[in-house]
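Let me begin by presenting the structure, written as structure tokens, before commenting on it.
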Amino acid sequence: MRSETGETSGTGRTGEAARTEDGGATRPGPDDGRDRALRSGRLGTPGLLLSVLAASAPLMVVAGVMPTAFAEMGVVGQPLLFLTLGAVLVLFCVGYAEMSRHVHHAGALYAYIARGLGPTAGAGASWVALVAYSALQAGIYGLFGFEVSGLLDTHLHVVIDWWVPALLAVALAGGLAWLRIDLNAKVLGVLLAAEVVLVTVFDAAAVAHPAADRLSLHAFNPHALSRGSVGVALCFCLAAFTGFEQAPVYAEETRRPRVVVRRVMFLAVGSMALFFAFSSWALTLAAGPRDIVDSAQKQGPGLLFALADKNLGGTFAEVLHVLFVTGMFAALLSFHNVVARYAFAMGREALLPAGFGRTNADTGAPAAGSLLQTAVSVAVVALFAVTDHGQAGDPTAPVTHLFTWMAGVGALGVVLLMAAVSLAVIVFFVRRGAVRAQAWRLLAAGASGTALLGIAAYTVRQFPALVGAGPDATLSRLLPGIVAVALGVGLARGLVLRARRRAAPADEVPPPRRGSAGEL
């Protein structure tokens, strides 16, 4: 169905909601197939912003991602990396946001690639997105389970394996995903606000009382990037931004998506870049620029809480620790919702079985996609649990392996998708004859795409540092290979659908709408 502006708002299937000129959704008619469309008009700017920021889980980044990057990659200059990545992502958003005005689709990244680079490329991208976001969520389950089991041991003297709370979190996230997205946004908002306030208090204390008794700007010096595995650190830090690119995924459910989605993306990237840069600098101040790597290697995810205990007292550290756990769950819920919507969109496009393209009749949630993500999460957690031979409290399987490996795989997949979207934006507007009108946006897309491809290549080259193996180790090739396999499966599915459409009699297959993501 086309809007009054002539743009395709969805997948070109029966469940697609019609869009008015300002991006709002018209009321579905009796034959619109409501179970094949997400409910529109449920999110405004605040709700959408909270939903996408929750995926980044600020406290999880400060307490989990940053210490891991310091410890595993040995890169002190994280603040500079966050600012640099923020600039690259702002350039990316210039073209990405413009594209979001022309295509409203629950599978945003792959839909944009399909519109620019063709439906087969879009099919490949859809599987990469599904695997990448599933990997990111699965990795967080490892860190979540480890932290919850640690809290239970510390406060209740109950010793359980990390995978027990991890599997309970899988079940709870799957159950909440059946609820209304606006209810989830309210829950995420409360948790997010509490996280930001407490991290800001910690940052202020670190600046007021630095370990070396002076404010050092060494972390912003380019020479601070001369040591360590900068490529993997770039990918890890980029994973911290994951969430802003999910805004168009909710376009079908927002009020005035042409305005709201664009606004949320720039707000999310700008706020995250400044917040993460300042917080990572505060960590170096609290531990000391010369000692931050050694401290992170010794204390791991406990680094932030040890520093908070030292500067602000044990009570503050404990509250921070609890919010760390709730913040991780907020991220899990956000990723679950996004993956479910990708599966929903792929079901409408025949990239997955048609049952995935239907919503729950009562709540409007993508039920089959939610069940799929729950099943995948259970399988991944169970796999790492079975192969875990360490004692309770040993972080090797849940943190060093599950969290670090899956975060690396997921971040690599998202980086490659963003690079492909940058190219798709250029091709899309060139084909429309809008080069002159969109010239500066095309330049921004070209610059961001080149930078993102460089990050991806550098990451693959330094992947052995992430897994702690040699360059010729099987694991160093196996983990990046997961993304390659997903791409191959998606491309194969796209070619099969194209062949079927060409082979079917014209009276059996309705002609596809030109330019829709579903034109396979």
Side-chain angles (χ1 to χ4, degrees), residues 58-87 143 198-241 272-314 316-317 320-321 324 395-396 399-400 403-404 407-408 455 458-459 462 464-468:
L59 186 50
M60 184 186 72
V61 173
V62 178
V65 175
M66 291 179 186
T68 301
F70 281 129
E72 301 294 330
M73 297 95 194
V75 178
V76 178
Q78 281 191 54
L80 184 58
L81 286 184
F82 281 117
L83 291 179
T84 302
L85 288 172
L143 186 59
L198 265 67
V199 173
T200 302
V201 171
F202 169 82
D203 294 346
V207 172
H209 304 287
D213 293 327
R214 65 185 182 89
L215 294 178
S216 172
L217 296 177
H218 173 70
F220 292 98
N221 190 325
H223 291 294
L225 302 177
S226 60
R227 296 181 180 180
S229 304
V230 179
V232 180
L234 273 169
C235 194
F236 238 70
C237 292
L238 187 60
F241 285 91
M272 284 192 289
L274 295 176
F275 184 81
F276 292 153
F278 188 77
S279 296
S280 58
W281 178 52
L283 275 177
T284 66
L285 292 179
R290 295 182 179 180
D291 300 325
I292 183 64
V293 173
D294 289 339
S295 298
Q297 290 173 343
K298 293 176 182 177
Q299 298 177 337
L303 175 65
L304 174 66
F305 311 114
L307 295 173
D309 189 5
K310 176 183 176 182
N311 293 337
L312 295 165
F316 182 89
L320 197 65
H321 209 155
F324 176 43
T396 303
V399 180
T400 307
F403 175 67
T404 304
I455 293 172
Y458 204 9
T459 299
Q462 294 190 348
L466 179 67
V467 300

For this session: Taking all non-hydrogen atoms of both residues into account, name the closest pair between Asp203 and Ala282 and its distance.
Result: OD1-CB, 3.4 Å
Exercise. For Phe278, which residues count as a ring pair (Phe, Tyr, Trp, His ring centres under 6.0 Å) partner, sequence neighbours excluded?
Worked result: Trp281
For this session: Working to the nearest 0.5 Å, report the span between CG of Leu238 and OG1 of Thr84.
Result: 12.0 Å
Problem set entry | Pairwise distance CD(Gln299) to CG(Asp294) - rounded to 0.5 angstrom | 11.0 Å
Exercise. Are any side-chain N or O atoms of Thr404 and backbone N or O atoms of Val399, one a donor and one an acceptor, separated by less than 3.5 Å?
Worked result: yes
Problem set entry | Side-chain heavy-atom pair Phe276, Val65 within 4.5 angstrom cut-off | no
Exercise. Can you tell me how far CG of Asn311 sits from NE2 of His209, rounded to the nearest 0.5 angstrom?
Worked result: 7.5 Å
Exercise. What are the two closest heavy atoms between Ala69 and Gln78, and how far apart are they?
Worked result: CB-NE2, 3.4 Å
Problem set entry | Shortest non-hydrogen separation from Ala277 to Phe220 and the atoms involved | O-CZ, 4.4 Å
Problem set entry | Side chain to side chain, Phe241 and Val61, heavy atoms closer than 4.5 Å | no
For this session: Report yes if the side chains of Val199 and Phe275 come closer than 4.5 Å at any heavy-atom pair, otherwise no.
Result: yes
Problem set entry | Shortest non-hydrogen separation from Leu85 to Leu234 and the atoms involved | CD1-O, 3.6 Å
Exercise. What heavy-atom pair brings Pro289 and Val76 nearest, and what distance separates the two atoms?
Worked result: O-CG1, 4.1 Å
For this session: Find the distance between CZ (Phe70) and OG (Ser295) and round it off to the nearest 0.5 Å.
Result: 10.0 Å
For this session: Determine, stepwise, if the pair Phe403 / Thr68 fulfils side-chain contact (heavy atoms from CB on, under 4.5 Å).
Result: CA-CA 10 Å; Phe403 175 67; Thr68 301; 4.0 Å; yes
Problem set entry | Closest non-hydrogen atom pair, Gly314 against Asp309 | N-OD1, 3.1 Å
For this session: Tell me, with the steps shown, if Leu59 and Leu198 meet side-chain contact (heavy atoms from CB on, under 4.5 Å).
Result: CA-CA 9 Å; Leu59 186 50; Leu198 265 67; over 6 Å; no
For this session: Measure the spacing between OG1 of Thr284 and CE of Met66 and express it to the nearest 0.5 Å.
Result: 10.5 Å
For this session: May I ask you to decide if the ring planes of His321 and Phe305 are parallel, tilted or perpendicular, using 30° and 60° as cut-offs?
Result: parallel
Problem set entry | Student check: side-chain heavy atoms of Leu80 and Leu225 closer than 4.5 Å | yes
Seminar exercise, completed: CG (Leu283) and CD1 (Ile292) are apart, to the nearest 0.5 Å, by 5.5 Å
